[in-house]
Amino acid sequence: MNQALLSKSRLADFVSYLVSGHKVVAPVPLQEGRFKFDEVQSLADISLNYIPTILPPKKYFMPQRSTLLRYDLSKGQDMEEMVELEKLVLFGVHTCDLAGIQCLNIVFSDRPKDLHYLARNNFITVIGLECSDYCDSFAGCAMLHNHLPKGGYDLFLTELAECYYVHINTQKGEEMIEEASIFEAATKAAEGELERLRSRKKELFTSEVPIRYQDIPRLFEETFDSDVWSQLGEKCLSCGNCTSVCPTCFCFDILDEPELDLGSGERVRVWDSCQNEAFAAVAGGDNFRKKRLERQRHRFHRKFKYLMDRYGRLFCTGCGRCSRSCMAGINLKRTISALIEERG
Amino acid sequence: MEAETVSIENSGYRIKHGLLSRITPLTKQEKLLEIRLPEGEYLDHDPGQFVQVSVFGVGEAPISICSSPTRREAFEICVRQAGRVTTAIHKLCEGDVVGIRGPFGVGFPVLPLEGNDILLVAGGLGIAPLRSLINYIIDNRRDFGKVDILLGCRNPESMLFSSEIGHWQKRIDLNFCCSVDHAAPEWAGNVGVITALIPGVNLYPLKTFVMVCGPPVMYRYVVDELLKKGIPERQIFLSLERHMKCGLGKCGHCQIEDIYCCQDGPVFSYQKLKHIRGAI
Ligand SMILES: Cc1cc2nc3c(=O)[nH]c(=O)nc-3n(C[C@H](O)[C@H](O)[C@H](O)COP(=O)(O)OP(=O)(O)OC[C@H]3O[C@@H](n4cnc5c(N)ncnc54)[C@H](O)[C@@H]3O)c2cc1C
Ligand code: SF4
Ligand code: FES
């Protein structure tokens, strides 16, 4: 069975079932129409209607700070490799964020594999939730082909009139459904309703910027010397918000954090940002991306060109977080439009 | 269901214990460290590769391996005191232990060099990775054609490996030429930039492979001179220095366009680099 239905009145029971056996994190409301992923106890805590959370689910896969090793100098540079694990159910993940998790999986599964990431990944169950309309004007998911589900989840819920249509993508998902025993078999009628919803979405979600997915890398290739980058460079404050909130930014730094006794401590990985001025500086005084425009261009090119060359997919999910969080008003969709306009 | 910390094996961040078996000061700023891995383990590197050297509590620094892989019982690194980690390394004594990860990356192409002539161009600390190659060549000298070494440094006092260089100069199967930026009048050698030495080298361009390592500013000029001599682009190899944290192609610090210097390099052919904006 790959499909099931969950009546709307039983969604609360499903969440309770999840909470009874797992730590569950889901979108919860903050002030001013903002949301974050946080631990929930019941459906009442969850915002089913939410726009992208401030931080993407990346924070569970690759936390802002995670331990790589624990060392003990009293035993002569002794160390043990570590990973902090926590069984989690991520509930209510939108398709753009599912795509973000897939991007991270690709990077950390690529050789040499990152066992710290992969161990943690195995402990996380992902339950997706379909959007039926745009989150807001910053979203660009259709341009990036991420408005429809393309895997990356154990279960995926789509809201229909009376029930949720559930796509079961993994054995783990199937086992949850069996254990919860509140799901019903999918019906022809529900399938028809799902199809109608998807075709309505195809009309509603049209590429937000006039460019096709496959043409995006070339646009960036051809506009490397564009004025648009100098304009971005002048505006950007190098605060690094855009990279922190990005679901596919994975750059990091490695630091030692000694205990107070200085004899032992942890080597940790922390998020870093290519927007920091010293990110690409080396001893001897050279800095390979000294100018803000170079760092901004690098950020965009990583999303739309470099990682495409390397991993065969665009690393922008269209979630719109960078544009939403930029204090300088740098807007991703407007930037791409400006590049298209300038290239002609 | 609290978070638990579990140990994992074979993490890319695991370090090996490197015993500092000998420390030789080379100049005021640089020290040569001989390192032995536990139980005589062979590092098994290629000339031009690097290791991450760590001092727990301070951090890690990428450092080129400067000894030849033909030497199996120990390897050497030459460390310039440049900041926190390198200062901590400088404070260590013989018998102390550092952490070693690696070797990482792609080094100088060794096999294609066989039977061909080799020109090595080193600026400053760039002699460190090239010394690995030079000693490799010396240990397999029959397999290579003519070997020319050009070395540039700030002044005679900052010259690294000077006694070893003395031996190279005496060998009939190596041509060695050095130039310093500044020197006292009694200096008998050349004064000027290293690029000025290139036109004078007697070489067959199509049969010559060139390996370059030095400060970033040097590369453009050196490459121009080499191209003027008619050396094909695919026979020029440059070692790039970038900020490197993980060495595993993940952290992003060493990235130039779609390449990660730590894994795809640090050594690249000019044929490849000329298409990569911001590489040299
Ligand atoms: C492939 C490669 C080979 C190298 N080989 C040698 C060598 O053989 N001998 C040698 O002495 N040095 C070598 N270096 C340079 C050496 O890695 C840096 O001097 C060292 O990392 C500085 O660390 P620090 O903690 O002492 O300095 P910090 O106090 O951290 O900073 C001092 C300066 O070093 C730069 N820096 C800091 N961390 C790094 C890093 N991880 N990578 C690059 N630059 C950094 C900073 O931007 C700053 O400009 C090599 C670098 C690379 C990338
Ligand atoms: S959030 Fe905006 S201002 Fe901050 S680094 Fe990103 S683009 Fe620059
Ligand atoms: S050093 Fe981390 S990606 Fe190269």
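Letters A, B, ... are given to chains in the order of the sequence lines, protein chains preceding strands, and every chain is numbered from 1.
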Heavy-atom check, side chain of [X] versus side chain of [Y], under 4.5 Å:
X        : Y        : answer
A/Glu80  : B/Arg14  : no
A/Arg70  : B/Thr5   : yes
B/Glu4   : A/Val83  : no
B/Gln263 : A/Pro112 : yes
B/Phe56  : A/Leu69  : yes

Non-hydrogen atoms of chain B under 4.5 Å away: do they reach the side chain of [X], the backbone, both or neither?
X        : value
A/Ala283 : both
A/Asp72  : neither
A/Asp110 : both
A/Arg111 : backbone

In short, A/Glu81 meets B/Asn10 closest at the heavy-atom pair OE2-N, 3.1 Å
Strictly below 4.0 Å, N to O, side chains only: are [X] and [Y] in salt-bridge contact?
X        : Y        : answer
A/Asp114 : B/Lys250 : no
B/Glu257 : A/Lys305 : no
A/Arg310 : B/Asp264 : yes

Quick one: what part of B/Asp96 sits under 4.5 Å from any heavy atom of chain A, side chain, backbone, both or neither?
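Interface part for B/Asp96: neither.
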Can you say whether B/Ser54 sits under 4.5 Å from chain A via the side chain, the backbone, both, or neither, judging by heavy atoms?
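Contact with chain A is through both the backbone and side chain of B/Ser54.
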* For the residue pair B/Tyr13 and A/Phe252, does the interplanar ring angle fall in the parallel (under 30°), tilted (30 to 60°) or perpendicular (over 60°) class? -> perpendicular
To the nearest 0.5 Å, what is the distance between [atom1] ([X]) and [atom2] ([Y])?
X        : Y        : atom1 : atom2 : result
A/Met79  : B/Ser11  : CE    : OG    : 7.5 Å
B/Leu248 : A/Lys113 : CG    : NZ    : 13.5 Å
B/Arg277 : A/Asp225 : CZ    : CG    : 6.5 Å
B/Cys246 : A/Asp253 : SG    : CG    : 10.5 Å
A/Ile254 : B/Cys251 : CD1   : SG    : 6.5 Å
A/Phe288 : B/Leu240 : CZ    : CG    : 7.5 Å

_Main chain of A/Tyr306, side chain of B/Asp258: is a donor-acceptor contact present, judged purely on distance under 3.5 Å?_
no
**Message:** Apply side-chain contact (heavy atoms from CB on, under 4.5 Å) to residues A/Met82 and B/Val6 and explain how you reach the verdict.
**Reply:** CA-CA 6 Å; A/Met82 292 286 169; B/Val6 295; over 6 Å; no
If you tally heavy-atom pairs under 4.5 Å against chain B, which of [options] wins?
options                                : answer
A/His301, A/Arg269, A/Arg267, A/Glu266 : A/Arg267
A/Gly265, A/Gly284, A/Ala281, A/Cys249 : A/Ala281
A/Met308, A/Glu84, A/Arg302            : A/Arg302
A/Asp286, A/Leu88, A/Leu255            : A/Asp286

Enclosure of [X] [atom1] (heavy-atom neighbours >12, cutoff 6.0 Å):
X        : atom1 : answer
A/Gln214 : CD    : yes
B/Tyr221 : OH    : no
A/Lys172 : NZ    : yes
B/Arg22  : CZ    : no

| Among B/His17, B/Met244, B/Arg242, which residue forms the greatest number of heavy-atom pairs with chain A at distances under 4.5 Å? |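 Max contact count across the listed options: B/Arg242.
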From the list B/His253, B/Lys245, B/His243, side chain to side chain contact (heavy atoms under 4.5 Å, CB included) with A/Phe279 holds only for B/His253
